[in-house]
Amino acid sequence: MLLSACAGQSYVPPGEVWRVLRGHGGPYDLVVGELRVPRIVLGALVGAALGLSGALVGGRHRRGAGARTPTATAKQPPRSGCWGWAPTPPPRSGCACSGCGSG
């Protein structure tokens, strides 16, 4: 965040940023104290709020951050057929997969 307060249209040395943040004022008081720092704080708060809301929504739908699709949820309708493809014709001589009970 210090780098964000230093960089901009006019460069402000880090020592001057610290001086303004401690309340000692200086030639960069307006640029750092009134323009850059409030934007940095607001950006950090908005980012934290978005991250928290994403975690809450993901937890509400019981979907981890590494889900394969963005709409994957834990409560999906059951799939029919041996391999989960719907619709599948009934197997003629039994199913090759284990545990589906159709063969």
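As a member of the Ile/Leu/Val/Met/Phe/Trp/Tyr network built from side-chain separations under 4.5 Å, L3 groups with nothing else and remains a singleton.
Identified under the salt bridge (charged side-chain N to carboxylate O under 4.0 Å, His left out) test for residues 14-23, with sequence neighbours left out: E16-R19. Note on residues 23-33: no pairs pass side-chain hydrogen bond (donor to acceptor under 3.5 Å, both in side chains), not counting sequence neighbours. Within the structure, salt bridge (charged side-chain N to carboxylate O under 4.0 Å, His left out) pairs that include any residue of residues 42-54 do not occur (at least two apart or interchain).
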Side-chain donor-acceptor pairs under 3.5 Å in residues 35-46, sequence neighbours left out?
| residue | atom | partner | partner atom | Å |
| --- | --- | --- | --- | --- |
| R36 | NH1 | A5 | O | 2.9 |
| R36 | NH1 | C6 | O | 3.1 |
| R36 | NH1 | A7 | O | 3.3 |
| R36 | NH1 | S10 | O | 3.4 |
| R36 | NH2 | S10 | O | 2.6 |

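Of all non-hydrogen atoms in G25 and V20, the two that sit nearest each other are O-CG2, 4.3 Å. The two atoms that bring P14 and Y11 nearest to each other are CD-OH, 3.3 Å, heavy atoms only.
A single hydrophobic cluster is seen to contain both L2 and L21, as judged by linkage of ILVMFWY side chains at heavy-atom distances under 4.5 Å, directly or through other members. In the hydrophobic cluster analysis, where Ile, Leu, Val, Met, Phe, Trp and Tyr join through side-chain heavy atoms closer than 4.5 angstrom, W18 is grouped together with V32.
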